[in-house]
**Student:** 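Starting off with a structure, shown below.
Numbered from 1 within each chain, the chains take letters A, B, ... in sequence-line order.
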Amino acid sequence: MFSLNTRAIYVLASLLALWVIVPIFLIATLAFSDRSSVFAWPKGIFPQHFSLQTIGFFFGVEGVGRAIRNSLVVASLTLLFSVLLGAPAGYALARYRFAGADVYRVLILMTRAFPLAILAIPLAVQFIHLGLYDTPLGVALVHTALALPFAVLVTSSLFLGIPKELEEVAWTLGCNRVQAFVKVVLPLALPGLAATAIFAFVISWNEVFAATLLTLRERTLPAFLLGALNDSPLPFRFAGGFLLIVPALIFIFSVRRYLFTLWGIANR
Amino acid sequence: MFSLNTRAIYVLASLLALWVIVPIFLIATLAFSDRSSVFAWPKGIFPQHFSLQTIGFFFGVEGVGRAIRNSLVVASLTLLFSVLLGAPAGYALARYRFAGADVYRVLILMTRAFPLAILAIPLAVQFIHLGLYDTPLGVALVHTALALPFAVLVTSSLFLGIPKELEEVAWTLGCNRVQAFVKVVLPLALPGLAATAIFAFVISWNEVFAATLLTLRERTLPAFLLGALNDSPLPFRFAGGFLLIVPALIFIFSVRRYLFTLWGIANR
Amino acid sequence: MSGIRVENIEKLFGKAKVLTGVSLEIRDQEFVVLLGPSGCGKTTLLRIIAGLEYADKGQVWIGDREVSTLPPRSRKIAMVFQNYAIFPHLTVLENIAFGLRMQKASAERVKAQVDRAATLMHIENLLQRYPAQLSGGQRQRVAVGRALAVEPEVLLMDEPLSNLDALLRLEMRAELKRLLAESRTTTLYVTHDQVEAMSLADRIAVMNVGQLVQYDEPIRVYQEPTNTFVGGFIGSPPMNFLRLRVEGGQARIESLMLSLPTSPPGQEVLLGVRPEDLEAYSQQQPQSFPAEVRVVEPLGPHLLLTLTYEQQSLKATVPPDFNISPGQTLWLKPQPGRLCWLDPTSGQALSR
Amino acid sequence: MSGIRVENIEKLFGKAKVLTGVSLEIRDQEFVVLLGPSGCGKTTLLRIIAGLEYADKGQVWIGDREVSTLPPRSRKIAMVFQNYAIFPHLTVLENIAFGLRMQKASAERVKAQVDRAATLMHIENLLQRYPAQLSGGQRQRVAVGRALAVEPEVLLMDEPLSNLDALLRLEMRAELKRLLAESRTTTLYVTHDQVEAMSLADRIAVMNVGQLVQYDEPIRVYQEPTNTFVGGFIGSPPMNFLRLRVEGGQARIESLMLSLPTSPPGQEVLLGVRPEDLEAYSQQQPQSFPAEVRVVEPLGPHLLLTLTYEQQSLKATVPPDFNISPGQTLWLKPQPGRLCWLDPTSGQALSR
């Protein structure tokens with residue numbers, strides 16, 4: 001009976017994992033197939049004809065290079081702002097319990113249900129007044145606003161996982177507060193901060209709504225793709241989709257071991 | 001020194017809360033202002049001229065009614081599918097620890113960084129083949145796919161918070177498995193299941209990307225708004241934005257007490 | 001009421017064997033405590049008897065029925081869990097009545113049984129409350145009352161006192177002992193607390209790494225451990241083990257020669273002696289050996305001494321007014337009837 | 001090295017007063033244990049002395065310097081935390097050397113001090129390891145070694161043994177006692193475990209709800225508690241309190257009259273007597289009173305009896321071979337020199 005349940009669970013878990021993995025795999029293989037496979041239906045499981053034809057075609061389209069450059073600039077700025085603003089806030093949240101902490105966590109959970117991007121509309125009006133409309137800096141500011149709650153949440157989990165006593169014992173052993181932070185907290189937090197930074201980068205890289213609304217010529221990659229979507233051929237779509245996933249994939253595979261620790265910390 | 005820190009924390013917490021609340025407040029007040037306030041800049045903090053003019057104009061636009069009806073149908077179907085599929089999976093995850101559980105949690109966390117909606121492109125092609133293209137059922141299926149990981153995660157937290165021993169003691173006192181579930185687990189899980197259902201509803205209500213790609217005439221509200229955005233006046237945008245937020249607001253205020261418990265459970 | 005018999009129980013979790021062939025018989029109306037360190041398999045054995053888990057090999061008998069494959073509801077057992085597992089959405093009354101309602105008992109029987117259980121547990125005035133309004137000790141009473149209300153053939157308890165604070169635990173331990181002596185229900189009780197086991201049990205079953213290592217009355221488990229594990233696990237401080245040379249069939253400590261029950265297999269033998277069975281004297285005595293005092297700890301009813309004899313550390317207790325300080329030498333006289341002899345290589349007691 | 005003096009310390013958390021005017025003096029080289037139940041403010045007091053928290057009122061002196069407003073690094077203290085707080089990214093060697101490096105000590109001094117601390121704590125062979133490779137007991141040694149390496153004027157310890165399992169705790173307790181007696185560092189040690197306090201302390205400071213209730217040598221705290229809280233908190237089982245009638249300036253138990261140190265304020269008086277100070281006899285004896293046995297618990301070195309005398313419950317210990325069962329009547333003779341007398345309304349001891 002127990003073993004039956006165990007088996008059912010493994011089946012279930014596999015299904016759930018496939019749920020996420022299959023579409024990614026599909027997109028990735030189609031991006032590296034030749035044109036005929038892209039149009040074939042139903043599709044085979046493995047890329048039948050490995051080819052750089054599709055991806056090559058994609059890079060040849062006018063505006064793609066510029067969109068990628070814009071996306072890189074915006075995502076890097078978002079990364080920078082998120083860590084510089086998010087880490088101190090997360091540290092403060094972790095070290096001092098206060099009445100609003102739980103409210104704050106719930107609010108962040110809720111952002112998933114919130115059409116935050118739609119709030120970019122009033123922003124667009126103001127950006128025109130401030131001269132930030134259609135600039136990477138403007139988009140990066142909005143992306144920072146989107147990524148910041150996550151950065152604060154993740155870094156506060158991170159700092160919560162570093163016992164306060166480690167700092168306190170450093171104080172009793174002759175450190176002032178800055179020395180204790182630099183010598184004890186920072187070395188322990190570094191990998192987590194790196195993960196947070198990449199996470200902010202990925203959020204910005206994939207954000208499409210605000211980027212579309214706030215730019216006209218200086219489009220980021222997803223905004224460019226969205227604009228070109230309806231009148232572009234299937235191979236173009238697959239190659240574009242693949243490029244959008246790449247940073248997230250790199251992110252997950254480079255920090256996968258660390259993520260488990262992070263998740264463990266977040267659950268304390 | 002301590003009190004200084006405490007004060008700094010409260011300031012920080014207030015700022016973070018404002019971050020989320022101010023844009024919502026802005027949208028809401030503008031939706032209930034007259035036309036002149038909508039175009040004023042800078043805007044006052046409180047609605048200077050309360051008026052149903054803007055919102056009335058919005059409901060008068062052709063297609064809005066149909067879009068709202070579509071959104072209701074899609075969101076209700078999503079709610080139904082998510083709970084019916086998500087709750088059993090969540091229960092299984094909670095009751096049987098298995099090796100992949102942590103991996104699964106990380107994957108769900110990562111969906112935030114994933115352009116899941118972009119994966120709808122290959123789906124669209126297949127939906128055309130299956131006759132699901134441009135139907136509320138088709139959109140609801142995709143939304144269920146989006147909402148399901150969250151439904152599974154939240155319900156598994158929920159069932160984790162109900163000690164297995166409660167069921168076991170019911171078994172020793174004469175219940176079979178179904179009786180124990182109905183008499184003990186269900187009464188305790190009911191409020192949480194309701195919250196999960198509403199959450200799925202809200203996710204579907206706000207989803208725009210897949211809805212845009214998979215429909216042509218049977219648009220949901222956000223898809224309709226997005227399509228009409230570039231060539232519609234500001235009052236229309238604000239009223240539409242407000243309508244998008246309403247379910248999320250109702251959700252948060254109706255289950256706010258319960259959410260804290262839920263969060264506490266999720267953190268075990 | 002009836003006894004319990006388990007035969008050759010084996011249980012694997014994944015590839016780890018948590019029970020490696022355990023057999024145990026509990027007599028009708030007997031109170032048996034399963035004692036062992038965490039991870040020894042004692043709770044798994046209890047859950048297999050309850051039907052909450054299934055053994056990979058072996059049988060479980062309750063009374064004269066084999067129940068190995070029956071679900072928990074058909075085994076005529078009741079169980080008290082470590083976290084009490086009170087239903088939070090039901091009143092105390094409905095919690096206690098739960099099992100009876102499942103049996104479709106008549107309203108009179110439900111009332112009579114609930115009243116009896118509530119009176120026994122002194123919770124008559126709590127019947128209308130919800131569990132959230134109860135203290136830890138009260139929840140514990142409700143859990144025991146709920147278990148007794150169904151008049152089970154066998155009562156199974158999984159560390160029921162471990163969530164209470166020290167003082168309350170002491171109280172509840174004595175009360176539980178009085179109560180279960182009255183109700184005469186066959187009881188199997190799991191704990192890792194050796195004092196609890198000593199206090200409550202008719203017989204103690206000591207487990208270690210998935211095996212039963214000793215099964216006997218408390219006082220015999222205490223005074224005649226079958227191996228060094230039992231002697232070291234039971235008693236606080238634990239039993240002293242002194243490695244001594246064997247000369248002419250006797251064990252030698254300094255000038256003191258102690259006779260052995262059988263001749264040991266090697267050149268050395270382990271003397272097991274409880275700290276309270278070493279009488280201490282400031283002056284040399286016949287039948288004693290010298291040891292140097294390292295630490296003196298006043299614990300109230302007695303002083304606990306840590307001493308060394310030939311680089312071997314040992315503990316002894318002396319009356320609280322005994323005048324001693326670290327660095328001094330004491331003469332220790334082992335109480336003749338209270339000594340154990342063990343084989344230093346296997347750690348097993350020499351047969352008497 | 002130097003003493004510690006705190007004067008009139010008050011501390012609020014929000015609106016809750018956790019310390020309400022505590023004064024305490026610890027002599028140079030003395031080992032004082034702060035003992036109390038959780039939430040009594042003992043850890044807060046320790047942290048105020050360390051400078052990790054600041055008092056709302058009152059002063060802290062270390063030696064002859066007032067340190068009330070100094071940060072921890074300027075107080076010449078070292079602290080051992082409950083979770084040990086070993087730096088996980090540094091080797092054991094660098095952990096121990098951390099304080100010395102902060103003082104910019106010379107390489108020779110660092111080496112000498114680390115070696116000395118490592119030898120003292122028996123961790124010479126662990127110096128190159130990382131904390132993740134250490135057991136709980138080893139981490140505890142590293143934490144104490146790191147604290148002693150800086151040669152603090154005052155050593156502060158916050159429940160350093162509470163994360164160890166029972167057997168290891170017993171070992172480390174004796175070792176810590178030996179070690180700190182050698183190093184002669186003034187030590188303030190916080191615990192909620194009364195056995196630990198009795199064992200280690202030169203003097204015990206008992207705290208309850210933010211106040212110091214008794215400050216004396218262990219044996220006097222044990223035998224002459226100033227109130228019912230101290231008598232009930234220290235000792236396992238705790239002190240018995242019997243409510244007796246006063247007749248002609250004496251307390252009466254059945255035919256037995258006990259003289260009082262002073263005349264009590266009311267018509268009744270509380271007799272405080274430890275379980276081991278009641279001698280039990282099966283037959284009537286002079287100077288004794290009868291009590292009915294309810295529960296008999298064999299604990300190994302003795303039997304613990306729960307008895308009732310006129311609806312009042314009391315505990316007594318008798319030798320393990322004492323032949324007794326529930327329902328019998330025993331005659332209890334209180335040991336004359338070991339009795340306490342308290343006022344039943346205030347719970348305070350009558351002055352002698």
**Student:** Can you tell which part of D/Phe81 gets under 4.5 Å to a heavy atom of chain A, answering side chain, backbone, both or neither?
**Tutor:** side chain
**Student:** Restricting to side chain to side chain contact (heavy atoms under 4.5 Å, CB included), what partner residues turn up for D/Lys111, sequence neighbours left out?
**Tutor:** D/Asp115
**Student:** To see if you've got the definition right, give the donor-acceptor pairs under 3.5 angstrom between chain D and chain A.
**Tutor:**
unit_1: D/Arg47; atom_1: NH1; unit_2: A/Glu168; atom_2: OE1; d: 2.9
unit_1: D/Arg47; atom_1: NH1; unit_2: A/Glu168; atom_2: OE2; d: 3.3
unit_1: D/Arg47; atom_1: NH2; unit_2: A/Glu168; atom_2: OE2; d: 2.6
unit_1: D/Arg73; atom_1: N; unit_2: A/Trp171; atom_2: O; d: 3.3
unit_1: D/Asn83; atom_1: ND2; unit_2: A/Glu165; atom_2: OE1; d: 3.3
unit_1: D/His89; atom_1: NE2; unit_2: A/Lys183; atom_2: O; d: 3.0

**Student:** Would you name the heavy atoms of D/Pro88 and A/Leu188 that are closest together and state the gap between them?
**Tutor:** CG-CD2, 3.7 Å
**Student:** Has D/Asp64 got more than 12 heavy atoms of other residues, nucleotides or ligands less than 6.0 Å from its CG?
**Tutor:** no
**Student:** Considering residues at least two apart in sequence or located in another chain, which fulfil the side-chain hydrogen bond (donor to acceptor under 3.5 Å, both in side chains) criterion with D/Glu182?
**Tutor:** D/Arg178
**Student:** Can you tell which of D/Ile77, D/Leu100, D/Val150 makes a side chain to side chain contact (heavy atoms under 4.5 Å, CB included) with A/Leu173?
**Tutor:** D/Val150
**Student:** Name all residues meeting the side-chain hydrogen bond (donor to acceptor under 3.5 Å, both in side chains) criterion together with D/Lys57; count only those two or more places apart in sequence or in a different chain, and write none if there are none.
**Tutor:** none
